[in-house]
Amino acid sequence: MKFSNANTYKAKIVVTGPCKSGKSVLSNFLGDQMDTSQHAYRPTSGVRILEFESAISAGHIQANIEVELWDCSGNESFESCWAALSAKADGVILVYDPLSQDASSVKSFYEYFVKNQSIKDTHCAVFANCVNKNDEGDFSSPIPSCAFTVTNLVKEPETIKSAFNSLLMKVYGKLSASRERQEESILT
């Protein structure tokens with residue numbers, strides 16, 4: 001679904017979190033980039049940028065979002081690059097594996113990529129990514145002020161898309177308000 005340029009927005013979404021949490025697999029899935037079946041682990045070196053369009057529609061709102069999904073390495077050896085990678089981000093997805101990673105590690109990524117970059121919690125989503133198809137559990141969010149979703153690409157891929165679209169709707173609200181302010185300043 002495409003809309004006129006007046007309804008097209010560009011959004012930079014950063015995907016980050018601890019190493020081996022499934023950030024790249026989720027990013028590939030969200031961007032319809034490739035087969036998302038399980039492959040051998042290959043750590044991201046620095047960042048990968050995936051570009052795709054996503055149509056959002058809710059009630060009277062219809063817009064096309066040109067998404068730049070920045071799949072950032074969670075390796076601390078790239079920490080010196082994180083400020084540049086997260087600059088001008090419109091939203092953040094924090095990904096972690098709740099069965100093998102401590103929630104406190106997610107909190108440190110939250111502090112760096114969300115709080116230090118002055119991104120509102122409403123523009124952040126936390127994905128507890130159950131990387132094995134049989135993972136089950138009742139997990140709670142390590143960051144209660146952000147949207148939280150338990151994701152399992154094998155069992156419930158639609159949950160991932162739904163959570164992503166919900167984040168995009170919130171980011172759209174920010175982008176739309178910013179555009180309106182710019183247009184008003186031109187008129188005055």
Undergrad: Go through the structure and list residues passing salt bridge (charged side-chain N to carboxylate O under 4.0 Å, His left out) with Asp121, not counting sequence neighbours.
TA: Lys115

Undergrad: What closest approach, in Å, do Ala147 and Lys170 show between heavy atoms, and which atom pair accounts for it?
TA: CB-NZ, 4.1 Å

Undergrad: Could you check if a side-chain atom of Pro142 sits within less than 4.5 angstrom of a side-chain atom of Phe148, using non-hydrogen atoms only?
TA: yes

Undergrad: Taking only residues two or more places apart in sequence or in another chain, which ones pass salt bridge (charged side-chain N to carboxylate O under 4.0 Å, His left out) with Lys120?
TA: none

Undergrad: Could you please spell out the steps behind the side-chain contact (heavy atoms from CB on, under 4.5 Å) verdict for Glu68 and Val14?
TA: CA-CA 8 Å; Glu68 281 187 2; Val14 173; over 6 Å; no

Undergrad: Could you report the tightest heavy-atom contact between Phe113 and Ser86, atom names first, then the distance?
TA: CD2-CB, 3.6 Å

Undergrad: Who are the side-chain hydrogen bond (donor to acceptor under 3.5 Å, both in side chains) partners of Ser141, not counting sequence neighbours?
TA: none

Undergrad: What's the spacing between Phe109 CZ and Cys124 SG if we round to 0.5 Å?
TA: 12.5 Å

Undergrad: Do the side chains of Val15 and Trp70 get nearer than 4.5 Å, heavy atoms only?
TA: no

Undergrad: Which donor-acceptor pairs under 3.5 Å do side chains of residues 76-83 form with protein atoms, sequence neighbours excluded?
TA:
from  : atom 1 : to    : atom 2 : distance (Å)
Ser77 : OG     : Asn75 : OD1    : 2.9
Trp82 : NE1    : Ser73 : O      : 3.4

Undergrad: Using side-chain heavy atoms (C-beta onward) and a distance below 4.5 Å, is Ile160 in contact with Leu26?
TA: yes

Undergrad: Among residues at least two apart in sequence or on other chains, which ones pass side-chain hydrogen bond (donor to acceptor under 3.5 Å, both in side chains) with Gln101?
TA: none

Undergrad: For the residue pair Tyr112 and Gln117, establish whether any side-chain heavy-atom pair is separated by less than 4.5 Å.
TA: yes

Undergrad: Starting from the C-alpha separation in whole Å, work towards a yes-or-no answer on side-chain contact (heavy atoms from CB on, under 4.5 Å) for Phe127 and Tyr96.
TA: CA-CA 7 Å; Phe127 287 7; Tyr96 77 107; over 6 Å; no

Undergrad: Hey, mind stepping through Ser145 and Tyr110 against side-chain contact (heavy atoms from CB on, under 4.5 Å) and telling me if it holds?
TA: CA-CA 11 Å; Ser145 56; Tyr110 168 79; 3.9 Å; yes

Undergrad: When rounded to the nearest 0.5 angstrom, what is the spacing between CG in Asn129 and CG in Leu94?
TA: 12.5 Å

Undergrad: One pair to check against side-chain contact (heavy atoms from CB on, under 4.5 Å): Thr151 and Cys130. What are the steps and the verdict?
TA: CA-CA 6 Å; Thr151 62; Cys130 298; over 6 Å; no

Undergrad: Measure the spacing between CG of Leu175 and OG1 of Thr8 and express it to the nearest 0.5 Å.
TA: 11.5 Å

Undergrad: List the atom of Lys161, the atom of Asp32, and the distance in Å for their closest heavy-atom pair.
TA: NZ-OD1, 3.5 Å

Undergrad: Are side-chain heavy atoms of Thr16 and Ile93 found at a separation under 4.5 Å?
TA: no

Undergrad: Nearest 0.5 Å, what's the CD-NZ distance between Glu51 and Lys10?
TA: 8.5 Å

Undergrad: With a 4.5 Å heavy-atom cut-off, do Ile143 and Glu111 have their side chains touching?
TA: no

Undergrad: How many angstroms lie between OH in Tyr172 and CD1 in Ile56, if you round to the nearest 0.5 Å?
TA: 6.5 Å

Undergrad: Cut-off 3.5 Å, side chains only: do Ser21 and Asp97 have a donor facing an acceptor?
TA: no

Undergrad: Got a second to check how far Leu50's CG is from Ile13's CD1, nearest 0.5 Å?
TA: 12.5 Å

Undergrad: Taking all heavy atoms of Leu69 and all of Phe164, pick out the closest pair and write down the distance.
TA: CD1-CE1, 4.1 Å

Undergrad: Please report the closest heavy-atom contact between Lys88 and Lys12, naming both atoms and the distance.
TA: O-CD, 3.8 Å

Undergrad: Please enumerate all residues that pass salt bridge (charged side-chain N to carboxylate O under 4.0 Å, His left out) together with Lys174, with sequence neighbours excluded.
TA: Asp90

Undergrad: Can you see which heavy atom on Val92 is nearest to which on Leu167, and at what distance?
TA: O-CD2, 4.1 Å

Undergrad: Main chain of Lys23, side chain of Ser27: is a donor-acceptor contact present, judged purely on distance under 3.5 Å?
TA: yes

Undergrad: Would you kindly say whether Asp102 and Ser105 are connected by a side-chain donor-acceptor distance under 3.5 Å?
TA: no

